[in-house]
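Quick notes on the structure that follows.
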Amino acid sequence: MTSFKSLTVCLDMCGCPNRCAHCWLGAVPNGSLTTDDLRFVAEQFRPFTSSLEVADWYREPDFHDDYKERWELCAALSDRQTPHFELISYWRAVRDSTYLDWIKSQGVRTAQLTFFGGEALTDRYVGRRGAYRELVETAGLLLEKEIAPRIQVFVNKETLPELPLVEKMIEDLRLAERCAAFGAPFTAFVHAGSCDGENEKRYDIRVTPEDLEKIPPFLAQSTLRHFGEKTLPDVFGETESALCARLSGDDSTRSFVEDTPVLYVDRNLDVYPNITAPAPFWRLGNLRTDGAEAILQTYLDSASPAQHAALTVPVREFVRAYGNPDSERLFGQSDYLEFLLNRWCRERS
């Protein structure tokens with residue numbers, strides 16, 4: 001068995017309070033894995049790398065009431081630990097008065113908040129009434145702690161008309177000025193997201209080139225700064241028709257195997273590579289019934305149905321089977337190929 005340069009294993013121990021319509025990880029029931037499960041998973045994977053990292057979440061950070069203790073346990077079980085991401089739980093921020101102080105103590109100086117438009121639309125996309133108000137309240141609480149809110153907006157043909165409401169919220173809360181008051185840059189950006197998980201269901205309303213002209217100027221310019229691009233097409237990608245024309249003769253295949261893999265462990269201890277939404281055709285095995293060695297061998301051998309298809313079927317076949325040469329929907333190339341691969345595997349499952 002190969003010893004991996006590094007191995008990151010993320011457990012969906014508690015799940016997520018939201019059911020967001022854009023979530024690339026999909027909407028699945030919450031689980032309740034224990035700290036004994038966390039230790040078991042770490043013990044299973046430890047023999048296969050000298051640089052193991054264990055995390056207790058991959059959907060919502062800090063969702064469990066014992067988030068501080070679990071953070072310390074993850075650190076103890078890991079050879080290395082990534083500093084806390086800018087992804088935070090606004091669900092917890094408005095319910096736990098100690099949370100943002102703890103976040104700041106972890107070195108977080110920017111925290112990302114996701115909107116979809118105004119209040120009603122954001123609540124609907126998050127899947128929970130009151131989410132918009134919690135987001136706005138969290139933005140204020142972050143500023144009080146001198147943590148800069150970073151505003152992310154997912155754009156499709158349904159959310160596009162409400163982008164001015166997001167700009168108005170930014171103006172009303174004076175986010176740029178209040179960040180500048182403690183020397184922090186303010187960032188807001190828009191993008192379409194990948195076309196997998198829940199967002200795959202919104203394929204029909206993905207943005208097309210004429211939609212980019214409707215993005216309000218402030219959000220457009222802030223988006224370009226955030227991604228370091230010169231034009232919005234550089235951010236949103238090519239039309240599906242252009243991708244189909246270019247890739248319809250592509251004989252290449254793809255391997256997803258690397259020596260620094262990130263793996264997801266769901267509430268049933270099934271294991272998936274961190275590539276796209278967990279699905280049966282990406283499943284590598286179950287830790288209780290198969291064990292880590294067999295799971296990692298499946299990964300190395302590209303033996304899951306999705307990995308096998310990507311490795312053995314030329315790109316042109318996916319494009320010819322499921323590409324739409326008449327579509328002007330915008331995609332990045334890698335996201336588009338994963339969208340086609342998922343369709344291929346799902347219809348052959």
Side-chain angles (χ1 to χ4, degrees), residues 1-2 4-8 22-26 156 191-209 227 229 233-264 266 270-285 290 294-349:
M1 167 64 67
T2 297
F4 292 91
K5 182 178 179 181
S6 69
L7 189 57
T8 299
H22 76 289
C23 185
W24 69 278
L25 290 166
N156 56 41
H191 65 133
S194 56
C195 196
D196 51 0
E198 292 302 296
N199 213 28
E200 184 177 351
K201 300 173 183 177
R202 280 145 195 88
Y203 164 82
D204 288 341
I205 57 173
R206 284 186 75 84
V207 291
T208 50
F227 289 107
E229 299 289 2
D234 292 332
V235 174
F236 283 85
E238 301 174 72
T239 63
E240 186 173 8
S241 60
L243 286 164
C244 285
R246 184 158 54 77
L247 298 173
S248 61
D250 191 330
D251 292 329
S252 67
T253 59
R254 293 181 294 160
S255 169
F256 292 101
V257 177
E258 55 182 75
D259 63 357
T260 59
V262 177
L263 303 177
Y264 285 164
D266 73 8
D270 287 330
V271 182
Y272 306 85
N274 171 27
I275 296 166
T276 181
F281 40 84
W282 284 102
R283 181 178 177 272
L284 300 173
D290 302 308
I295 286 169
L296 291 171
Q297 195 63 56
T298 297
Y299 171 76
L300 287 170
D301 293 343
S302 295
S304 68
Q307 283 181 279
H308 179 73
L311 188 64
T312 59
V313 179
V315 165
R316 67 172 186 274
E317 297 301 325
F318 297 118
V319 174
R320 292 173 183 176
Y322 296 112
N324 182 351
D326 299 320
S327 165
E328 294 300 290
R329 297 172 184 88
L330 295 171
F331 293 89
Q333 178 174 309
S334 63
D335 285 339
Y336 185 60
L337 291 177
E338 285 167 18
F339 163 69
L340 296 180
L341 173 59
N342 284 332
R343 286 198 62 184
W344 176 282
C345 293
R346 189 178 301 112
E347 299 201 9
R348 285 161 175 76
S349 295

Note: S255 and L311 closest approach over all heavy atoms is CB-CD1, 3.9 Å

Main chain of Y299, side chain of Q307: is a donor-acceptor contact present, judged purely on distance under 3.5 Å? yes

Can you name the ring-ring contact (aromatic ring centres under 6.0 Å, His included) partners of F256, sequence neighbours left out? W282

Which distance, rounded to the nearest 0.5 Å, do you find between the CH2 of W24 and the OG1 of T276? 7.0 Å

Closest non-hydrogen atom pair between T239 and L330, with its separation: N-CD2, 3.7 Å

For F227, give me all partners under ring-ring contact (aromatic ring centres under 6.0 Å, His included), at least two apart in sequence or on another chain. F189

One should read off an interatomic distance between S241 OG and E328 CD, to the nearest 0.5 angstrom, of 3.5 Å

Tell me, do P261 and L7 make a side-chain contact under 4.5 Å, heavy atoms counted? yes

What one should report as the nearest heavy-atom pair of A279 and Y272 is O-CE2, 3.2 Å

Contact between L337 and L247 at the side-chain level, heavy atoms closer than 4.5 Å - yes or no? yes

Is there side-chain contact between E200 and E338, with heavy atoms separated by less than 4.5 Å? no

Determine the minimum heavy-atom distance between R202 and E198, stating which atoms define it. NH1-O, 3.0 Å

Rounded distance (nearest 0.5 Å) linking atom CG of D290 with atom CD of Q297: 13.0 Å

Heavy-atom side-chain proximity of R329 to D204 below 4.5 angstrom: yes

Between V207 and A192 the two heavy atoms that sit nearest each other are CG2-CB, 4.5 Å

Output yes when a side-chain donor or acceptor of R283 lies under 3.5 Å from a complementary backbone atom of S304, and no otherwise. no

Test your reading of the model: is there a side-chain donor-acceptor pair from N199 to the backbone of S194, 3.5 Å cut-off? yes

In this structure, which one of T8, L263, L25, V262 forms a side chain to side chain contact (heavy atoms under 4.5 Å, CB included) with N274? V262

For W344, does its backbone N or O pair with a side-chain atom of R348 as donor and acceptor, under 3.5 Å? yes

Sidechain N-carboxylate O distance under 4.0 Å for R206, E240: no

From F281 CZ over to E347 CD, what is the distance, rounded to the nearest 0.5 angstrom? 10.0 Å

Partner of V315 under side chain to side chain contact (heavy atoms under 4.5 Å, CB included), picked from T253, D250, L340, is D250

Contacts of type ring-ring contact (aromatic ring centres under 6.0 Å, His included), residue F331, not counting sequence neighbours: Y336, F339

Look up atom CG in L284 and atom CG in D301, then write down how far apart they are to the nearest 0.5 Å. 11.0 Å

Contact summary for C244 and N324, nearest pair of heavy atoms: SG-N, 3.6 Å

dist D259:CG -> L300:CG (nearest 0.5 Å) comes out at 10.0 Å

Is it the case that atom NE2 in H191 sees more than 12 heavy atoms from other parts of the structure closer than 6.0 Å? yes

